[in-house]
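Following: one structure in structure tokens, then a few remarks.
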Amino acid sequence: MREILERALNTAQLLGAGYVDARLVATDEESIRTRNGAVRAVQRSQTTGLGVRVLVDGAWGFAGTSSADLKGAESAARSAVEIAKASASLKHRAVDLGTPVVHRATYVTPHQKDPLSVSLEDKVALLLAADAAMEMPKVAVRQASLVSLRRKQVFASSEGSYIEQEIVEAGGGLEALAVDQGEVQQRSYPNSFGRNQATAGYEFVESMDLVGQAPRVAEEAVMLLTAPLCPEEETTVILGPTQLALQVHESCGHPTELDRALGSEAAYAGTSFLMPDMLGDFRYGSDIVNLVADATVPGGLGTFGYDDEGVPAQCSYLVRDGVFVGYLMSRETAATLGMASNGAMRASGWDRIPLVRMTNINLEPGDWAFDDLLADSDGALYLEMNKSWSIDDKRLNFQFGTEVAYRVEGGRLGTLYRNAVYTGITPRFWGDCDAICNRDHWAMWGTANCGKGQPGQVAHVGHGVAPARFRRVQVRPGT
Amino acid sequence: MLGKERARTILEQVLALGGAGETEALLLADEAALTRFAQNAIHQNVAQQDTVLRVRAVLDGRVGVASGNDLSREGVTAVFDRALQAARVQPPDPQFAGLPQPHPYPTLPELEEATASVTPAARAEFVGHACAKAEGSHLVAAGALETGLREVAVANSNGVLGYHAGSSAEFVTVIMGADSSGYGFALANTLSDLDVEAAVARAVDKALTGRAPQVFPAGHYPVVLEPDATADLLGSMAYTSFGALQLEEGSSFLTRRLGQPVLSSAVTITDDALNPAILPMPFDFEGSPKTRVSIIDGGVATGVVHDTYTASRAGTQSTGHAFPAPNPYGPRATHLSLAPGTASVSDLVASIDEGLLITRFHYTRVVHRPTVTVTGMTRDGTFLIRDGEIAHPVRNLRFTQSYVQALQDGCVIGAEQRLCGEYGPYLCPAVYIPEFHFTGVTDF
């Protein structure tokens, strides 16, 4: 393995590269999905490849190949150099990576049970049992799924880094779709988009109690069919944990990606309202809002040892006491601000260049017990579990829909409404956050479908949150 | 490039392995290169090649799938063994009706090698042209130029054997001023057919005419959607409603309405992957021949797309819209076309007293499936129409709108189709919609 990586580094340097890094990545992923009592997908995917990134005349080139051998390494390095020379023909300034970064290290995700070693029979039986437990009239579609993943990655750079990592992930979830008389409603568990996922072993799946939760999920989907439409009003809202994780993802995670702020994503996902000249001054939220990028938190789906430039995982503030204080950064983008990378450069695989990505973007806990928050919020709406999400190209104007909305009545969750959406402008919304639950209610949620870049990449990121309250939120029915 | 003979050798190697009742082998080989630019300079420039073998093994109605990119004899055997193992551990699926039978495939044009082998320097030249045009107008360009070659080869133990190689070239740009932006997109089978110049010209024009946008209040207004915005209507309908699985499960707006009028009589929607001009495919990912499918004809719901799994339950034939197995989401329409009407865009604009011209939408998501109610933002050029003329640009608005309702009575279809690409190669004209629901403004 080392020989292959060194061949890539040496070939590129001999052809004129001033900097080279190479990643050899082997991914083993198993996914199982049941649908309406049948196994609809049992898939095992094993892929290996090599990605070589070079700087020639201060411009980038990258080539990825599935031929992860000496010949492939040499070929990819040559291709990357040729591409970089073309980049150099249309550049504004030479790329500056800042101070060299050199690490020799290994990292393995802490886990108890290797998810890929648990028998397929046991996993299929678990999902079929959960599927059966969701069966009831008006539930047209029952789905259950599990994902197990192991990614072995070796990173080497011409600066002298050599880092071996083994990332282990496990995830699972349920979805029930109820249909009746032209109405369609869904409930999910434990997270939206099909599952919750973590850097962890199979013990994470076992902790979900999928079979035990399944009847409730199906019953709630059916209840939603005849629930009243969410009324239109400006009101106080409490966001449940998974919806708040999505809110953090879209309205804090993406706009604090420094490459977006610098225009790199302008033609695709867009830019950011958080510009560098706002650092340290701009009021992003209320005083109690503290947001960090933390790639070290145990179990987070964005937890690792080193990013894909060899920078160690770390925790840094993005918003402190409500003020915008930091970005997610790569070596190149950090250098443009005279700063050092905070380890947020990640690639989805060997065939993609690393981009500035979220790690775990976490809202730090406050000091409220959840029951106390409900008791203090009579008439508010409790919104939970994302159903639809849309935000503009600067990450300002958002509208999110949730699977459920409950009126807080007498300190408890009361009337259930369907088709709730809420909308707002990011800094105004966070500015109206006046209560965050304490660490007892704080948990990590995995987002395994974060898309970015051209060609497209899907990143696995995490969000730690506890339920929080927001004032003056516009809520309406989404139909 | 893998090549037809090498592909056939690998597929036959898989089919020769024993143990499964039925076996399907699918090879997907991709060579792609993409030059990305921002701030009028190249900032990302990449190429990658990969070939993935995907095997579907069937044992008495039990279906297992495995994939891998090690194409050595041992690697191929390992993929087959994993698929077989996956099949063994599950109960039979009584609804699985078997792998497709062989059928003749339509003939498509041969691959143009020139697009497959385009150099980084050639891509940089195209990009340089776009950036120079932007700079010449004191604007900033961002975007990407991608060229690619894809080979699809599929075989199964029933005798299906297909190979197709196709190239593509795609250009997208957003060109920006201080408070405005414009969008340009071009897609073609080959780089030589790619009209980058027209795409850049459209984007520059919008960025210049969109300067100094004014806030316009949310409300219900008539709109003219330009083709890239129209494509969003088709994409969301395809996602929620044009597949047989959504029809069967009851979440499609076409459920129990086939044969009935569901949209304006001006609306005719067809899926046609055999149109040689727009990234054609002779067969789908399980080797069924592609067919042209009428989905809406003069406003009447006429059909949905099928794979063999949904077709067997519906008592019909696959239309050739299977995705690679395992695919729990069902077949999808990928090459949609909204038939043109007779009105020019200026005719459509002239018919509005007060309304909006929309260049395209951004980050749209379905809020409510049965009505295909979607929320999203306008982007890259939104203009107020007053007294039949463009009055001035306005700031982006949020909308929440049933796309089914939008294409019902009163909509008028434009005469000129354009190839749009965000959801797939769609052919779309501009559309006039008498009432569109805008639910928010951005005044921050």
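For clarity, every value in this text was computed on a predicted model and none was experimentally measured. Each chain gets a letter, A, B and so on, in the order the sequences are listed, and its residues count up from 1.
- Counting all heavy atoms, side chain and backbone alike, A:S388 lies closest to B:V367 at OG-CG2, 3.8 Å.
- Top candidate by heavy-atom pairs under 4.5 Å with chain B, chosen from A:V421, A:N419, A:D259, A:D28, is A:N419.
- Here the side chain of A:E82 pairs no donor or acceptor atom with the backbone of B:T119 at under 3.5 angstrom.
- The shortest non-hydrogen separation linking A:V179 to B:G250 is CG1-O, 3.8 Å.
- Comparing B:V52, B:V63, B:V65 by heavy-atom pairs within less than 4.5 Å of chain A, the highest count is held by B:V65.
- Across A:G61, A:S79, A:S45, the residue that shares the most heavy-atom pairs under 4.5 angstrom with chain B is A:S45.
- Contact annotation for B:F37: neither backbone nor side-chain heavy atoms come within less than 4.5 Å of a heavy atom of chain A.
- Closest non-hydrogen pair, A:V124 versus B:P91, comes out as CG1-CD, 4.2 Å.
- With a threshold of 4.5 angstrom between heavy atoms, B:V374 does not approach chain A through any atom at all.
- Using a 4.5 Å heavy-atom cutoff, the side chains of B:H368 and A:P477 are not in contact.
- Counting only distance, with no hydrogens or angles, the side chain of A:D351 and the backbone of B:Q49 share no donor-acceptor pair below 3.5 Å.
- Using a 4.5 Å cut-off between heavy atoms, A:V141 touches chain B through its side chain atoms alone.
- When every heavy atom of A:Q43 is checked against every heavy atom of B:S67, the shortest pair comes out as NE2-OG, 3.5 Å.
- Smallest separation of non-hydrogen atoms from B:R360 and A:A267: NH2-O, 4.4 Å.
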| Can you check side-chain contact (heavy atoms from CB on, under 4.5 Å) on A:L355 and B:Q44, steps first, answer last? | CA-CA 10 Å; A:L355 300 173; B:Q44 293 168 9; 3.5 Å; yes
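- Comparing A:A41, A:A38, A:G478 by how many heavy-atom pairs each has under 4.5 Å with chain B, the most go to A:G478.
- A:E232 does not touch chain B: none of its heavy atoms, backbone or side chain, sits under 4.5 Å away.
- With chain A as partner, the option from B:A41, B:A47, B:A86 having the largest number of non-hydrogen pairs under 4.5 angstrom is B:A47.
- Scanning for side chain to side chain contact (heavy atoms under 4.5 Å, CB included) contacts around A:T423 gives A:N397, A:Q399, A:Q474, A:R476, B:R398, with sequence neighbours left out.
- Neither the backbone nor the side chain of A:S119 comes within contact range of chain B; no heavy atom of the residue lies under 4.5 Å from a heavy atom of that chain.
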| Evaluation steps, side-chain contact (heavy atoms from CB on, under 4.5 Å), between A:D392 and B:N396 | CA-CA 9 Å; A:D392 72 11; B:N396 289 320; over 6 Å; no
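- Put simply, of B:D93, B:D50, B:V174, B:N40, the one with the most heavy-atom pairs under 4.5 Å next to chain A is B:D50.
- Of the N and O atoms on the side chains of A:Q186 and B:R369, at least one donor lies less than 3.5 Å from an acceptor on the other residue.
- Using a 4.5 Å cut-off between heavy atoms, A:S89 touches chain B through its side chain atoms alone.
- In this structure the side chain of B:M377 never reaches within 4.5 angstrom of the side chain of A:D393, judged on heavy atoms.
- Most heavy-atom pairs under 4.5 Å with chain A: of the set B:Q85, B:R256, B:R54, this distinction falls to B:R54.
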| message | I'd like to know whether B:L245 forms a side-chain contact (heavy atoms from CB on, under 4.5 Å) with A:R35, so could you lay out the CA-CA distance, the side-chain angles of the two residues, the decisive distance to 0.1 Å, and finally the verdict. | response | CA-CA 12 Å; B:L245 193 61; A:R35 189 179 179 109; 3.3 Å; yes
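- The choice from B:A38, B:A66, B:P370 that makes the most heavy-atom pairs within less than 4.5 Å of chain A is B:P370.
- Ranked by heavy-atom pairs under 4.5 Å with chain B, the list A:E332, A:E265, A:K123 is led by A:E265.
- A 4.5 Å side-chain heavy-atom check between A:H92 and B:H43 finds every atom pair outside the cut-off.
- Between chain B and the residues A:A68, A:A140, A:S264, the largest count of heavy-atom pairs under 4.5 Å involves A:S264.
- Looking at A:A59, there are no atoms closer than 4.5 Å to chain B (heavy atoms on both sides), in backbone or side chain.
- Minimum interatomic distance between A:Y268 and B:H362 (heavy atoms only, all atoms of both residues): O-CE1, 4.3 Å.
- A:V139 is linked by a side chain to side chain contact (heavy atoms under 4.5 Å, CB included) to A:M136, A:R142, A:A176, A:A218, A:V222, counting only residues two or more places apart in sequence or in another chain.
- The part of B:V366 that comes within reach of chain A is its backbone (N, CA, C, O), which places non-hydrogen atoms under 4.5 angstrom from that chain.
- Residue A:R53 does not touch chain B at all, counting heavy-atom pairs closer than 4.5 Å.
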| request: Decide side-chain contact (heavy atoms from CB on, under 4.5 Å) for A:W60 and B:R36; before the verdict, give the C-alpha distance in whole Å, the side-chain angles of both, and the deciding distance to 0.1 Å. | output: CA-CA 11 Å; A:W60 287 116; B:R36 205 171 186 209; over 6 Å; no
